Student: 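My questions will all concern the structure given below.
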Protein chains: 2
Amino acid sequence: MASPALRRPYRREGEEKRRDDLIAAAMTLVAEGGPEAATVRAIAARAGVTPGLIRHYFQSKEELTHAAYRQVMDAMTHEAIRACEAEPSDDPVARLAAFVAASFRPPVMTPLLVGVWAGYMHLGRNDPVMHEIHESTYLGYRDRLQALIAALPRPTDPARDRREAIACNALIDGLWLEGGSLPDGFAPGEVMRIALDGVATLLGIRFPAEAYPDHPEGKTD
Amino acid sequence: MASPALRRPYRREGEEKRRDDLIAAAMTLVAEGGPEAATVRAIAARAGVTPGLIRHYFQSKEELTHAAYRQVMDAMTHEAIRACEAEPSDDPVARLAAFVAASFRPPVMTPLLVGVWAGYMHLGRNDPVMHEIHESTYLGYRDRLQALIAALPRPTDPARDRREAIACNALIDGLWLEGGSLPDGFAPGEVMRIALDGVATLLGIRFPAEAYPDHPEGKTD
DNA sequence: AAATTTATTATCCAAACGTATAATTGCAAA
DNA sequence: TTTGCAATTATACGTTTGGATAATAAATTT
């Protein structure tokens with residue numbers, strides 16, 4: 001004969017906020033403990049609700065997973081593109097540098113994003129939706145990179161541009177992965193510097209000093 | 001009143017073979033369907049035994065996982081080192097080329113290895129044993145790469161060697177990942193060629209034509 | 001203030017998981 | 001042939017998982 005067990009009080013929230021909260025909770029858990037840590041119960045607890053609510057906003061846990069993954073991946077590419085287009089100069093070299101540099105600072109290179117990426121990476125192999133999200137994000141980034149490379153002031157050569165885009169993209173991926181998963185293994189800004197130097201070397205160009213992280217923006221001495 | 005249910009016939013095997021079979025089954029399943037597909041029951045079925053046998057050879061599923069991961073990762077680095085030391089020439093450039101090239105053909109760059117790597121990648125974040133395996137393998141590879149770079153015929157500069165080793169390692173990682181997970185996205189040998197060209201460019205050297213995959217070994221024209 | 005809606009909680013369920021243990025049987029030694 | 005060992009199978013257990021459904025209460029409307 002248990003006592004009447006008071007029902008947990010709660011607030012009604014808008015659909016948007018609840019969905020965002022649940023997605024954020026799922027991402028955080030995946031980044032911290034991998035996909036197996038992101039159980040329905042754990043996600044609900046992290047979001048401050050009870051498990052049943054997830055099924056009220058998502059048809060299944062899988063749908064929540066897809067939404068979370070898509071949001072994370074889109075945010076990454078969009079941020080790099082945004083930084084590139086925010087570059088004041090019209091110089092293709094400066095725009096490329098801005099694109100690369102944006103990939104190596106928050107909110108792109110963070111333990112959370114790298115963790116989610118790592119945790120969900122293998123899901124692209126069997127889950128068609130995850131595969132589509134991964135591929136479109138991945139190719140979207142690489143295509144944008146190739147377009148920036150093609151815009152460099154030099155004789156056009158699409159085949160060379162493709163090879164160089166693949167190489168630069170691989171270098172960026174590898175460094176992003178290392179820098180995000182072993183943040184203590186590098187000095188601040190070191191990964192970004194190596195990335196900029198590496199991309200420049202691969203392309204046979206030089207980036208202006210302003211593109212580098214520790215450039216004394218306002219100083220004049 | 002069920003029928004007496006004939007007991008499944010079986011053969012007794014040596015401990016070594018059974019352990020290897022179970023490890024191979026676990027790796028295959030992880031590569032195909034991720035860690036969540038490698039259940040005790042699935043591993044046993046793939047290895048042609050019943051689930052209980054796993055606990056006869058391993059104290060826990062976790063122990064089997066560790067053994068499988070360690071075997072896969074060790075095989076990778078050892079194969080690259082082997083190929084490097086098997087290089088007939090004493091030329092540091094040729095040895096470096098052999099080391100890089102070995103990372104981009106079987107048995108190093110295979111869907112199975114990349115799949116296992118991807119599937120277990122996030123486990124290094126929480127499981128200390130997996131972390132140790134990952135880190136030691138990873139640093140072992142990079143240190144060997146840095147040693148090969150340091151041996152190049154040019155003025156010594158440890159700081160530069162470190163930066164270049166980090167960059168080359170990232171390039172190799174990224175390309176290995178792409179080539180192994182999207183094998184149809186590249187022409188045969190294309191990934192290896194891009195890797196060799198990229199490493200050479202990053203280091204400011206040139207690899208001999210014999211280092212490349214489609215080099216007509218015996219031809220003289 | 002009463003009625004209505006629906007966001008949220010609470011409870012239950014079948015399946016699958018890793019593990020533990022008991023029952024067999026293949027095989028080698030005697 | 002018989003005996004004994006241990007490799008292997010068979011069965012069962014407790015937990016956790018994602019999902020389904022019923023009960024409740026916080027807002028909004030009337």
Side-chain angles (χ1 to χ4, degrees), chain A residues 1-23 25-26 29-30 33-69 119-120 123 126-127 129-130, chain B residues 1-23 25-26 29-30 33-68 119 123 126-127 129-130:
Chain A
M1 184 94 40
S3 68
L6 296 88
R7 200 183 175 87
R8 158 205 261 236
Y10 61 94
R11 283 188 51 202
R12 289 186 155 208
E13 295 283 359
E15 169 169 352
E16 204 168 344
K17 165 159 173 50
R18 276 281 131 92
R19 287 181 66 97
D20 283 355
D21 282 355
L22 290 170
I23 287 175
L29 285 165
V30 169
E36 69 272 16
T39 67
V40 169
R41 288 164 176 81
I43 294 169
R46 181 67 64 106
V49 298
T50 51
L53 194 60
I54 290 180
R55 296 284 322 280
H56 189 262
Y57 286 107
F58 299 92
Q59 271 203 353
S60 66
K61 182 198 171 185
E62 197 181 22
E63 191 183 301
L64 166 57
T65 295
H66 293 161
Y69 189 58
Y120 280 151
L123 289 190
N126 294 58
D127 184 328
V129 178
M130 295 293 272
Chain B
M1 183 102 34
S3 68
L6 295 89
R7 200 183 176 87
R8 157 203 261 237
Y10 62 93
R11 282 187 52 201
R12 292 188 153 203
E13 297 283 359
E15 168 169 352
E16 204 169 343
K17 165 158 174 51
R18 276 281 133 93
R19 287 180 66 95
D20 282 356
D21 283 353
L22 291 170
I23 288 176
L29 285 165
V30 169
E36 70 272 18
T39 67
V40 169
R41 287 164 177 83
I43 294 169
R46 182 65 66 104
V49 297
T50 51
L53 194 61
I54 290 180
R55 298 285 322 280
H56 189 260
Y57 286 108
F58 299 93
Q59 271 202 354
S60 66
K61 183 197 170 186
E62 197 181 22
E63 191 183 301
L64 166 56
T65 296
H66 293 161
L123 289 189
N126 295 55
D127 184 329
V129 177
M130 294 294 273

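On a predicted model such as this, the values are computed, not experimentally measured, just so you know. Residue numbers start from 1 in every chain, and the chains themselves are labelled A, B, ... in the order their sequence lines are given, proteins ahead of strands.
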Student: Please tell me which of the listed nucleotides, dG18(D), dT19(C), dG26(C), lies nearest to the side chain of Pro9(B)?
Tutor: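 Output: dG26(C).
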
Student: Report the residues that fulfil salt bridge (charged side-chain N to carboxylate O under 4.0 Å, His left out) with Asp127(A), sequence neighbours left out, ordered by chain and then residue number.
Tutor: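 Per chain and number, Asp127(A) pairs via salt bridge (charged side-chain N to carboxylate O under 4.0 Å, His left out) with no residue.
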
Student: Checking Glu13(B) now: which residues fulfil salt bridge (charged side-chain N to carboxylate O under 4.0 Å, His left out) with it, not counting sequence neighbours?
Tutor: Arg11(B)

Student: Rounded to whole Å, how long is the line connecting atom CZ of Arg41(B) with atom C1' of dA10(D)?
Tutor: 12 Å

Student: The criterion is side-chain hydrogen bond (donor to acceptor under 3.5 Å, both in side chains); which residues satisfy it with Tyr120(A), sequence neighbours excluded?
Tutor: none

Student: What pairs of donor and acceptor atoms, side-chain ones from residues 35-49 of chain A against any protein atom, are under 3.5 angstrom apart with sequence neighbours left out?
Tutor:
{"from": "Thr39(A)", "atom 1": "OG1", "to": "Ala42(A)", "atom 2": "N", "distance (Å)": "3.0"}
{"from": "Arg46(A)", "atom 1": "NH2", "to": "Glu32(A)", "atom 2": "OE1", "distance (Å)": "3.0"}

Student: Measuring from Lys17(B):NZ to Asp21(B):CG, what's the distance to the nearest 0.5 Å?
Tutor: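 Those atoms lie 3.5 Å apart.
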
Student: Report the distance from atom NE2 of His56(B) to atom CZ of Arg19(B), rounding to the nearest 0.5 Å.
Tutor: 11.5 Å

Student: To the nearest Å, give me how far apart CD1 (Ile43(B)) and P (dA16(C)) are.
Tutor: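 For the pair Ile43(B) CD1 and dA16(C) P, the rounded distance is 17 Å.
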
Student: Does any residue of residues 11-19 of chain A have a heavy atom under 4.0 Å from DNA chain D, and if so, which ones, in number order?
Tutor: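 The answer is Arg11(A), Arg12(A).
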
Student: Any chance you could measure Ile23(B), atom CD1, to Arg18(B), atom CZ, to the nearest 0.5 Å?
Tutor: 13.5 Å

Student: Can you measure from OG1 (Thr65(A)) to CZ (Phe58(A)) and round to the nearest 0.5 angstrom?
Tutor: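 The OG1 atom of Thr65(A) sits 9.5 Å away from the CZ atom of Phe58(A).
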
Student: Which residues, if any, of residues 47-65 of chain A bring a heavy atom under 4.0 Å of DNA chain C?
Tutor: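 Going residue by residue through residues 47-65 of chain A, the ones with a heavy atom under 4.0 Å of DNA chain C turn out to be Val49(A), Thr50(A), Gly52(A), Leu53(A), His56(A), Tyr57(A).
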
Student: Of all the nucleotides listed (dT9(C), dG26(C), dA10(D)), which has the minimum atom distance to the side chain of Arg7(B)?
Tutor: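 Closest nucleotide to the Arg7(B) side chain: dA10(D).
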
Student: Nearest-nucleotide wise, let me know which of Ala38(B) and Arg8(B) is further upstream toward the 5' end of DNA chain C.
Tutor: Ala38(B)

